Colleague: 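Take a look at the following structure, please.
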Amino acid sequence: MSYTKEEIRKICREENIRYIRMQFTDIMGMLKNVEIPITRLEDALDNAVMFDGSSIEGFVRIYEADMFLHPDLDTFLVLNWEDNSYGKVARFICDVYRPGKDGVHIPFEGDPRGVLKRNIEKMRSMGYKSFNVGVEPEFFLFKLDEKGNPTLEFNDHGGYFDISPIDSAEDCRRDIVLALQNIGFTIEAAHHEVSNGQHEINFKFDSAIEACDNVQTFKLVVKNIARRHGLHATFMPKPIEGINGSGMHVNCSLLTKEGKNAFYDETKDNGLSVTALKWISGILSHAKGFCLITNPIVNSYKRIVPGYEAPCYISWSDSNRSTMIRIPAARGMKTRTEVRSVDVAANPYLAIAAILAAGLDGIEGNCKNVDPIYDNLFKCTNEEREAMGVHSLPANLDEAMNEFKKDALICKAMGEHVTTKMIEAKTLEWDSYRKHVTQWEIKRYINRY
C-alpha cells in the first residue's frame, strides 16, 4: 500500500501508536531495528534517525559508525500481533544510508535492500518493467523446555498435508495465517510438510523488493505466534538428521515494459520463450557462484544432499523434481521458473539479487544454453550424470566460498563491500566449524582408537 507522510501521521493519531520500529536487514539476513517513541515520528519521516553501524555484523568500522535510516513509507505497518499493553507499535522497513558531504546522505553499499535495488536498475536498463517473485518458505516447530529454550522435540508427528489430530500444530499454523492476513498478506496455501514438525505457508507473489520485505515480516510473525503457542519456530535448513530439510523455493518471472510475461511464448511447444531459456542458462551457469548467497551457512549443506528431495544437481526441467530449476505447469502470465535450491537461512534481498544477476547474464547471451533433464538424477550414477553434463552444487560452505570468489559476475552483483564482508564472516564460520569436535566423531571414534 502507498502512503503519504500526512496519511501516516493520521493513522498514528487514530490508532494511538506509541512506538515506531525502524527495521532493516544486515548482511547475514538478520532483521534489526531501532525503536523510537512516537514523539520522534517527524525525525523518522525526515530521514533523521541514526544508529551505530559499527555494532552490526558486516556493516562499518568503528571510526565510521554513524548511519541513517531512510524509511520506505509504503512499508508502514501497525504491528497488530505484538503485545500492545504499553501502547500500539508500528514499523517502517528502511534503507540504510551513510553521511556524505554537505549533509547529503549516500546509499550504504552494504545495505542488502540497496544491493537488490541496484540489480533491479540493471534489469530496467535492459528494457524490463518488473521482476516478480513468489517464495515458498518452510519452517520447523519444536517444543520449548521448562525454561523457555528450544528443544528438538516435535510438536506433532504429521506428514505431507496431514490434518489434526495427527497435525497437532494446526492451531498454531492457523493463527500464523490469521495474523498474516490481518496485516495484508494474501495467503495462497498453508499445510504440513513432509517431515514431522515441518510446515509451509505460501503467500502471493510480488515485485522483488516487496517480496523480500514480506519474507522478513513473515519470519517475524511466525516466530512470535509460535512462541505464544509454547513453540519455537526455526528457519534453520536442516535441524534434524535423516529427514527433509527446509527450503525456500523462489518462483520468478520478468515483465516487459508492455506488461507481458517475458518467459511465455505461445508459439513454442512448451510455452517457454527464448528469453526464458537464456534466463535458465544464466542461473545454472552461476549456480555454484551464488550458492554461498542462497545457501549461506554450514548447516545449509546438510540439506542439499541426495535422498531428501532438495536439489543438489545443477539442472532444469519442466516436470522433474530432482532438478534445481523446475518450470511449473501454469502458462501465460503465470509462466515462471522455480529455483528450488535456495534455503530459508538466505538473506532474501541478496539471494534474489544473485538470481536476478545470473538470469540477466544469460539473457545477455553470455551463457551456454542447457538442455532439460527428464531422468531422476537421484537414481543416476556419477558417471551417468557426468555424461549428461550435470554437475553438483558445492558440497560444503568452504567449497561454496571458493566458487563465489571465482564468479566475478556474482561478486559484482553483490558489490565490493558485501563480497568482502561475506567472505570474512564465512571464513570465520567455516574455521570454527572445521575445528569443532562433534558428537558424531566422539561416538564413532572414542572407543575405536
Side-chain angles (χ1 to χ4, degrees), residues 1-26 31-53 56 59 65-84 86-118 120-121 124 129-131 133 179-186 203-204 206-221 224 348-349:
M1 187 176 291
S2 181
Y3 292 105
T4 65
K5 290 184 179 181
E6 187 50 47
E7 286 171 337
I8 290 170
R9 294 186 187 103
K10 182 181 178 184
I11 293 171
C12 288
R13 289 193 301 268
E14 293 176 348
E15 294 282 343
N16 192 28
I17 301 298
R18 301 292 299 277
Y19 303 96
I20 303 285
R21 293 190 187 278
M22 308 287 283
Q23 297 178 344
F24 61 99
T25 298
D26 71 12
L31 188 63
K32 304 289 185 179
N33 88 148
V34 174
E35 186 175 273
I36 59 172
I38 192 61
T39 52
R40 292 200 64 202
L41 175 61
E42 292 306 314
D43 286 341
L45 296 176
D46 290 338
N47 304 325
V49 174
M50 296 174 59
F51 73 99
D52 179 6
I56 305 298
F59 267 32
D66 290 344
M67 312 288 281
F68 290 89
L69 294 173
H70 286 213
D72 182 336
L73 301 189
D74 294 344
T75 66
F76 178 76
L77 180 67
V78 179
L79 305 183
N80 292 317
W81 71 84
E82 290 213 3
D83 179 4
N84 292 321
Y86 296 100
K88 287 188 177 181
V89 182
R91 75 98 201 268
F92 292 108
I93 292 177
C94 304
D95 295 308
V96 181
Y97 281 67
R98 58 184 177 85
K101 293 182 179 179
D102 302 320
V104 176
H105 298 171
I106 302 169
F108 171 48
E109 56 274 23
D111 176 21
R113 205 168 185 259
V115 170
L116 178 53
K117 285 185 174 182
R118 291 199 298 271
I120 289 172
E121 284 306 311
R124 287 177 178 152
K129 178 182 179 182
S130 178
F131 179 36
V133 173
L180 290 167
Q181 287 177 322
N182 285 339
I183 59 173
F185 276 64
T186 300
F203 41 91
K204 189 178 180 182
D206 215 323
S207 58
I209 292 288
E210 287 75 13
C212 294
D213 290 344
N214 288 340
V215 169
Q216 297 299 73
T217 301
F218 172 82
K219 288 184 174 182
L220 187 63
V221 171
N224 275 274
Y349 302 100

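Predicted model, so just to flag it, every value in this text is computed and none were measured.
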Colleague: Distance from Ile209 atom CD1 to Asp206 atom CG, nearest 0.5 Å?
Modeller: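 Reported value, rounded in 0.5 Å steps: 10.5 Å.
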
Colleague: Please examine the side chains of Leu69 and Asn47, heavy atoms only from C-beta on, and report whether any two atoms are closer than 4.5 Å.
Modeller: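 No - every pair of side-chain heavy atoms lies 4.5 Å or more apart.
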
Colleague: Any idea which heavy atoms bring Phe68 and Pro99 closest together, and the distance?
Modeller: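 So the minimum-distance heavy-atom pair works out to CE1-CG, 3.8 Å.
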
Colleague: Show the nearest heavy-atom pair for residues Cys94 and Pro71, with the distance to one decimal.
Modeller: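 Scanning both residues completely, I find the closest heavy atoms to be SG-CA, 3.8 Å.
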
Colleague: Indicate the atoms forming the closest heavy-atom contact of Tyr349 with Leu116, along with that distance.
Modeller: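 Distance-wise, the nearest heavy atoms are O-CB, 3.8 Å.
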
Colleague: For side chain to side chain contact (heavy atoms under 4.5 Å, CB included), just list the numbers for Phe108 and Met67, CA-CA rounded to whole Å, side-chain angles, deciding distance to a tenth of an Å, and then say yes or no.
Modeller: CA-CA 8 Å; Phe108 171 48; Met67 312 288 281; 3.3 Å; yes

Colleague: Mind checking what makes side chain to side chain donor-acceptor pair (under 3.5 Å) contact with Ser207, not counting sequence neighbours?
Modeller: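 Counting only residues at least two positions away or on another chain, Ser207 forms a side chain to side chain donor-acceptor pair (under 3.5 Å) with Glu210.
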
Colleague: Does any part of the side chain of Phe76, heavy atoms only, come nearer than 4.5 Å to the side chain of Ile11, both counted from C-beta?
Modeller: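 Yes - at least one pair of side-chain heavy atoms lies under 4.5 Å apart.
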
Colleague: Could you tell me if the side chain of Lys88 sits less than 4.5 Å from the side chain of Asn16, heavy atoms only?
Modeller: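 Answer no - side chains too far apart.
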
Colleague: Minimum heavy-atom separation for Ile183 to Val78, with atom names?
Modeller: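 Closest approach of Ile183 to Val78: CG2-O, 4.1 Å.
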
Colleague: If the threshold is 4.0 Å, N to carboxylate O, is there a salt bridge linking Lys10 and Glu7?
Modeller: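 Salt bridge between Lys10 and Glu7, a charged N being under 4.0 Å from a carboxylate O: no.
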
Colleague: Measuring only between side-chain heavy atoms, which start at C-beta, is Leu41 closer than 4.5 Å to Cys12?
Modeller: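 SC-SC contact between Leu41 and Cys12 confirmed.
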
Colleague: If you look only at pairs with a residue in residues 67-78, which of them pass as a salt bridge (charged side-chain N to carboxylate O under 4.0 Å, His left out), with sequence neighbours excluded?
Modeller: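 Output for this query lists Asp72-Arg113.
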
Colleague: Do Val49 and Arg40 have side-chain heavy atoms sitting under 4.5 Å apart?
Modeller: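 A side-chain contact exists here, since the closest heavy-atom pair is under 4.5 Å.
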
Colleague: What's the separation between atom OG1 in Thr25 and atom CD1 in Ile93, rounded to the nearest 0.5 Å?
Modeller: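 Nearest 0.5 Å value for the OG1-CD1 distance: 7.0 Å.
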
Colleague: Apply the test side-chain hydrogen bond (donor to acceptor under 3.5 Å, both in side chains) to residues Arg91 and Thr217: give CA-CA distance (whole Å), side-chain angles for both, the deciding distance (0.1 Å), then the verdict.
Modeller: CA-CA 10 Å; Arg91 75 98 201 268; Thr217 301; 2.9 Å; yes

Colleague: Give the intermediate values and the outcome of salt bridge (charged side-chain N to carboxylate O under 4.0 Å, His left out) for residues Asp111 and Arg118.
Modeller: CA-CA 11 Å; Asp111 176 21; Arg118 291 199 298 271; over 6 Å; no

Colleague: Find out whether Tyr19 and Ile38 are in side-chain contact, i.e. whether some heavy atom of one side chain is under 4.5 Å from a heavy atom of the other.
Modeller: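 Counting from C-beta outward, Tyr19 and Ile38 never come under 4.5 Å.
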
Colleague: Within the 4.5 Å heavy-atom criterion, are Asn214 and Phe185 side-chain neighbours or not?
Modeller: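 Yes, their side chains come closer than 4.5 Å.
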
Colleague: Taking the six-membered ring for Trp, are Phe24 and Phe51 ring centroids under 6.0 Å apart?
Modeller: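 Distance test on ring centres: under 6.0 Å, yes.
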
Colleague: Which is it for Leu220 and Gln23 under the side chain to side chain contact (heavy atoms under 4.5 Å, CB included) test, yes or no, and what are the steps along the way?
Modeller: CA-CA 11 Å; Leu220 187 63; Gln23 297 178 344; 3.8 Å; yes

Colleague: If you look at every heavy atom in Ala208 and Ile120, which pair is closest and at what distance?
Modeller: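 The pair with the smallest heavy-atom distance is CB-CD1, 4.0 Å.
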
Colleague: Here's a test for you: under side chain to side chain donor-acceptor pair (under 3.5 Å), which of His70, Lys117, His105 qualifies with Asp95?
Modeller: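 So the option named by the test is Lys117.
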
Colleague: Let's go through Asn33 and Met22 carefully: what are the C-alpha distance in whole Å and the side-chain angles of both, what is the deciding distance for side chain to side chain contact (heavy atoms under 4.5 Å, CB included) to 0.1 Å, and is it a yes or a no?
Modeller: CA-CA 5 Å; Asn33 88 148; Met22 308 287 283; 5.8 Å; no

Colleague: Given 3.5 Å as the limit, does a donor-acceptor pair link the side chain of Lys5 with the main chain of Leu45, or not?
Modeller: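 Yes.
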
Colleague: Is there a side-chain contact between Val89 and Ile20, using heavy atoms and a 4.5 Å cut-off?
Modeller: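 SC-SC contact between Val89 and Ile20 ruled out.
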
Colleague: Is there a side chain to side chain contact (heavy atoms under 4.5 Å, CB included) between Ile8 and Leu73 once you walk through the steps?
Modeller: CA-CA 8 Å; Ile8 290 170; Leu73 301 189; 3.9 Å; yes

